[in-house]
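What follows is a set of notes on a single structure, which appears directly below.
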Amino acid sequence: EAQVTQNPRYLITVTGKKLTVTCSQNMNHEYMSWYRQDPGLGLRQIYYSMNVEVTDKGDVPEGYKVSRKEKRNFPLILESPSPNQTSLYFCASSIRQGHYGYTFGSGTRLTVV
Amino acid sequence: QKEVEQDPGPLSVPEGAIVSLNCTYSNSAFQYFMWYRQYSRKGPELLMYTYSSGNKEDGRFTAQVDKSSKYISLFIRDSQPSDSATYLCAMTPPPGTSYGKLTFGQGTILTVHP
(Lines give C-alpha, C1' and ligand atoms only; values in the text may rest on other atoms or scores of the structure.)
Protein backbone atom coordinates (compact mmCIF):
# COMPACT_ATOMS: atom_id res chain seq x y z
CA GLU A 1 0.00 0.00 0.00
CA ALA A 2 1.32 3.43 -1.00
CA GLN A 3 1.72 5.46 2.13
CA VAL A 4 3.61 7.93 4.26
CA THR A 5 4.47 6.54 7.67
CA GLN A 6 5.18 8.76 10.65
CA ASN A 7 6.36 7.72 14.08
CA PRO A 8 5.50 8.15 16.83
CA ARG A 9 1.79 9.00 16.63
CA TYR A 10 1.80 10.59 20.07
CA LEU A 11 4.67 12.02 22.07
CA ILE A 12 4.89 13.88 25.36
CA THR A 13 8.30 15.29 26.21
CA VAL A 14 9.94 17.85 28.43
CA THR A 15 11.44 21.18 27.43
CA GLY A 16 14.95 20.85 26.08
CA LYS A 17 15.02 17.10 25.48
CA LYS A 18 16.02 16.42 21.89
CA LEU A 19 13.61 14.36 19.84
CA THR A 20 13.21 13.03 16.32
CA VAL A 21 9.98 12.34 14.45
CA THR A 22 10.53 9.89 11.63
CA CYS A 23 8.85 9.98 8.22
CA SER A 24 9.13 7.38 5.48
CA GLN A 25 7.39 7.04 2.11
CA ASN A 26 7.26 4.00 -0.19
CA MET A 27 6.21 5.75 -3.41
CA ASN A 28 9.64 6.85 -4.65
CA HIS A 29 8.53 10.47 -4.34
CA GLU A 30 11.10 13.19 -4.89
CA TYR A 31 9.41 15.91 -2.85
CA MET A 32 8.84 15.69 0.89
CA SER A 33 7.67 18.28 3.37
CA TRP A 34 6.84 18.81 7.03
CA TYR A 35 3.83 20.79 8.22
CA ARG A 36 2.48 21.73 11.60
CA GLN A 37 -1.23 22.19 12.19
CA ASP A 38 -2.53 24.53 14.88
CA PRO A 39 -6.11 25.64 15.62
CA GLY A 40 -6.99 28.79 13.69
CA LEU A 41 -3.71 28.75 11.78
CA GLY A 42 -4.18 25.78 9.49
CA LEU A 43 -1.23 23.90 8.03
CA ARG A 44 2.06 25.73 7.92
CA GLN A 45 5.16 24.43 6.19
CA ILE A 46 8.24 23.89 8.34
CA TYR A 47 10.81 22.45 5.91
CA TYR A 48 10.76 20.80 2.55
CA SER A 49 13.08 18.71 0.41
CA MET A 50 13.10 18.52 -3.37
CA ASN A 51 15.38 15.49 -3.44
CA VAL A 52 18.18 13.70 -1.59
CA GLU A 53 20.50 16.17 0.15
CA VAL A 54 18.36 19.13 -0.99
CA THR A 55 16.40 20.78 1.83
CA ASP A 56 15.14 24.29 2.48
CA LYS A 57 13.15 26.30 4.99
CA GLY A 58 9.42 26.73 4.83
CA ASP A 59 7.39 29.38 6.62
CA VAL A 60 8.07 28.37 10.24
CA PRO A 61 11.51 26.68 10.42
CA GLU A 62 12.73 28.10 13.74
CA GLY A 63 13.58 25.40 16.25
CA TYR A 64 13.52 22.56 13.72
CA LYS A 65 16.07 20.65 11.64
CA VAL A 66 15.67 18.10 8.89
CA SER A 67 17.85 15.82 6.81
CA ARG A 68 17.35 13.88 3.59
CA LYS A 69 20.07 11.28 3.30
CA GLU A 70 17.83 8.74 1.54
CA LYS A 71 14.97 9.36 -0.84
CA ARG A 72 12.39 7.58 1.30
CA ASN A 73 13.19 9.14 4.69
CA PHE A 74 12.77 12.70 5.93
CA PRO A 75 13.11 12.97 9.72
CA LEU A 76 12.16 16.09 11.68
CA ILE A 77 14.50 16.95 14.53
CA LEU A 78 13.74 19.20 17.48
CA GLU A 79 17.10 19.88 19.13
CA SER A 80 15.68 21.69 22.16
CA PRO A 81 11.88 21.51 22.17
CA SER A 82 9.87 24.29 23.77
CA PRO A 83 6.18 24.45 24.74
CA ASN A 84 5.35 26.60 21.68
CA GLN A 85 6.25 23.58 19.54
CA THR A 86 3.31 21.67 20.97
CA SER A 87 1.35 20.90 17.84
CA LEU A 88 0.11 18.30 15.37
CA TYR A 89 2.79 17.49 12.81
CA PHE A 90 2.32 16.04 9.34
CA CYS A 91 4.81 14.71 6.87
CA ALA A 92 3.79 14.79 3.20
CA SER A 93 5.29 13.66 -0.08
CA SER A 94 4.58 14.15 -3.77
CA ILE A 95 5.95 12.88 -7.06
CA ARG A 96 7.89 16.06 -7.70
CA GLN A 97 8.14 19.69 -6.77
CA GLY A 98 5.04 21.58 -7.81
CA HIS A 99 2.77 18.56 -8.14
CA TYR A 100 -0.64 19.05 -6.60
CA GLY A 101 -1.15 15.55 -5.21
CA TYR A 102 0.35 15.41 -1.76
CA THR A 103 0.13 12.21 0.29
CA PHE A 104 0.07 12.92 4.00
CA GLY A 105 1.05 10.77 6.93
CA SER A 106 -1.38 10.20 9.81
CA GLY A 107 0.23 12.82 12.00
CA THR A 108 2.26 13.07 15.19
CA ARG A 109 0.72 14.84 18.14
CA LEU A 110 3.54 16.39 20.15
CA THR A 111 3.17 17.89 23.60
CA VAL A 112 6.12 19.70 25.16
CA VAL A 113 5.77 20.38 28.90
CA GLN B 1 -3.58 39.57 5.68
CA LYS B 2 -3.38 35.83 5.12
CA GLU B 3 -2.83 34.68 1.56
CA VAL B 4 -5.74 32.25 1.85
CA GLU B 5 -8.82 32.86 3.97
CA GLN B 6 -11.29 30.13 4.84
CA ASP B 7 -14.24 30.34 7.19
CA PRO B 8 -13.45 27.84 9.96
CA GLY B 9 -17.10 27.22 10.77
CA PRO B 10 -18.06 24.94 12.37
CA LEU B 11 -20.78 24.09 9.91
CA SER B 12 -23.58 21.72 10.90
CA VAL B 13 -26.14 20.52 8.35
CA PRO B 14 -28.79 17.81 8.14
CA GLU B 15 -28.23 14.76 5.97
CA GLY B 16 -29.16 15.42 2.36
CA ALA B 17 -28.36 19.14 2.48
CA ILE B 18 -26.24 20.95 -0.08
CA VAL B 19 -23.03 22.20 1.50
CA SER B 20 -21.01 25.15 0.24
CA LEU B 21 -17.43 25.64 1.41
CA ASN B 22 -15.47 28.69 0.32
CA CYS B 23 -12.00 30.21 0.23
CA THR B 24 -10.69 33.55 -0.92
CA TYR B 25 -7.09 34.28 -1.81
CA SER B 26 -4.94 37.30 -2.48
CA ASN B 27 -2.00 35.93 -4.49
CA SER B 28 -2.81 36.14 -8.20
CA ALA B 29 0.11 33.78 -8.92
CA PHE B 30 -1.85 30.84 -7.55
CA GLN B 31 -2.73 28.60 -10.42
CA TYR B 32 -3.56 25.18 -8.98
CA PHE B 33 -6.44 24.79 -6.56
CA MET B 34 -7.18 21.82 -4.39
CA TRP B 35 -9.56 20.60 -1.74
CA TYR B 36 -8.37 18.21 0.92
CA ARG B 37 -10.55 16.32 3.37
CA GLN B 38 -9.26 15.50 6.84
CA TYR B 39 -11.03 13.04 9.11
CA SER B 40 -10.42 13.17 12.84
CA ARG B 41 -7.01 11.76 13.82
CA LYS B 42 -6.00 11.37 10.16
CA GLY B 43 -3.88 13.25 7.69
CA PRO B 44 -5.46 15.31 4.91
CA GLU B 45 -6.32 13.46 1.71
CA LEU B 46 -6.73 15.01 -1.72
CA LEU B 47 -10.38 15.28 -2.71
CA MET B 48 -10.31 17.37 -5.88
CA TYR B 49 -8.00 19.63 -7.82
CA THR B 50 -8.37 22.06 -10.69
CA TYR B 51 -6.17 24.56 -12.46
CA SER B 52 -8.58 26.73 -14.39
CA SER B 53 -11.60 28.88 -13.77
CA GLY B 54 -14.89 27.07 -14.02
CA ASN B 55 -16.46 23.98 -12.51
CA LYS B 56 -15.21 20.45 -12.06
CA GLU B 57 -17.54 17.71 -10.96
CA ASP B 58 -16.78 14.37 -9.31
CA GLY B 59 -19.80 12.47 -8.09
CA ARG B 60 -21.50 14.51 -5.37
CA PHE B 61 -18.64 17.02 -5.27
CA THR B 62 -18.21 20.11 -7.44
CA ALA B 63 -15.19 22.38 -7.27
CA GLN B 64 -15.59 25.89 -8.60
CA VAL B 65 -12.86 28.44 -9.29
CA ASP B 66 -13.32 32.11 -10.13
CA LYS B 67 -9.86 33.56 -10.74
CA SER B 68 -11.18 37.03 -11.50
CA SER B 69 -12.67 37.22 -8.01
CA LYS B 70 -9.95 35.10 -6.38
CA TYR B 71 -12.60 32.84 -4.95
CA ILE B 72 -12.95 29.06 -4.87
CA SER B 73 -15.77 26.87 -3.65
CA LEU B 74 -16.55 23.23 -2.96
CA PHE B 75 -20.15 22.07 -3.17
CA ILE B 76 -21.31 18.80 -1.69
CA ARG B 77 -24.70 17.54 -2.86
CA ASP B 78 -26.83 15.09 -0.89
CA SER B 79 -24.46 15.33 2.06
CA GLN B 80 -23.95 12.21 4.15
CA PRO B 81 -22.81 11.69 7.76
CA SER B 82 -19.63 10.17 6.29
CA ASP B 83 -18.83 13.61 4.83
CA SER B 84 -18.29 14.93 8.37
CA ALA B 85 -14.68 16.10 8.37
CA THR B 86 -12.49 19.16 8.13
CA TYR B 87 -12.20 20.50 4.58
CA LEU B 88 -9.06 22.40 3.63
CA CYS B 89 -8.57 24.44 0.53
CA ALA B 90 -5.04 24.62 -0.81
CA MET B 91 -3.37 26.37 -3.70
CA THR B 92 0.02 26.70 -5.31
CA PRO B 93 1.74 28.68 -8.04
CA PRO B 94 2.88 26.82 -11.16
CA PRO B 95 5.82 24.38 -10.92
CA GLY B 96 9.13 26.16 -10.82
CA THR B 97 7.98 28.85 -8.43
CA SER B 98 8.11 28.68 -4.63
CA TYR B 99 9.18 25.04 -4.94
CA GLY B 100 5.75 23.49 -4.90
CA LYS B 101 4.63 24.85 -1.58
CA LEU B 102 0.96 24.44 -0.95
CA THR B 103 -0.66 27.30 0.93
CA PHE B 104 -3.62 26.05 2.96
CA GLY B 105 -6.70 27.71 4.30
CA GLN B 106 -7.49 27.27 7.99
CA GLY B 107 -9.98 24.47 7.29
CA THR B 108 -13.76 24.29 7.76
CA ILE B 109 -15.17 21.76 10.22
CA LEU B 110 -18.29 20.14 8.74
CA THR B 111 -20.75 17.94 10.60
CA VAL B 112 -23.58 16.21 8.77
CA HIS B 113 -26.15 14.86 11.21
CA PRO B 114 -28.62 12.09 10.37
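Neither the backbone nor the side chain of Gln6(A) comes within less than 4.5 Å of any heavy atom of chain B. The part of Arg9(A) that comes within reach of chain B is its side chain, from C-beta onward, which places non-hydrogen atoms under 4.5 angstrom from that chain. Only the side chain of Tyr10(A) comes within contact range of chain B, with at least one heavy atom under 4.5 Å from a heavy atom of that chain. For a residue to count as touching a neighbouring chain, one of its non-hydrogen atoms must lie under 4.5 Å from one of that chain's; by this rule Gln6(B) does not touch chain A.
Ion pairing between Glu57(B) and Arg77(B) holds under the 4.0 Å rule for side-chain N and carboxylate O. Taking 4.0 Å as the cut-off between side-chain N and carboxylate O, Glu53(A) and Arg68(A) do not count as a salt-bridged pair. At a threshold of 4.0 Å, the pair Arg36(A)-Asp38(A) counts as salt-bridged, since one of the basic side-chain nitrogens sits closer than that to a carboxylate oxygen.
Counting heavy-atom pairs closer than 4.5 Å to chain A, the top-ranked of the candidates Gly105(B), Ala90(B), Pro44(B), Gly43(B) is Pro44(B). When each of Cys91(A), Ser33(A), Gly107(A), Gly40(A) is scored by its heavy-atom pairs under 4.5 Å with chain B, the top score falls to Gly40(A).
With no hydrogens or angles considered, no side-chain donor-acceptor pair links Asn55(B) and Thr62(B) at under 3.5 Å.
A centroid separation of less than 6.0 Å is found between the aromatic rings of Tyr36(B) and Phe104(B).
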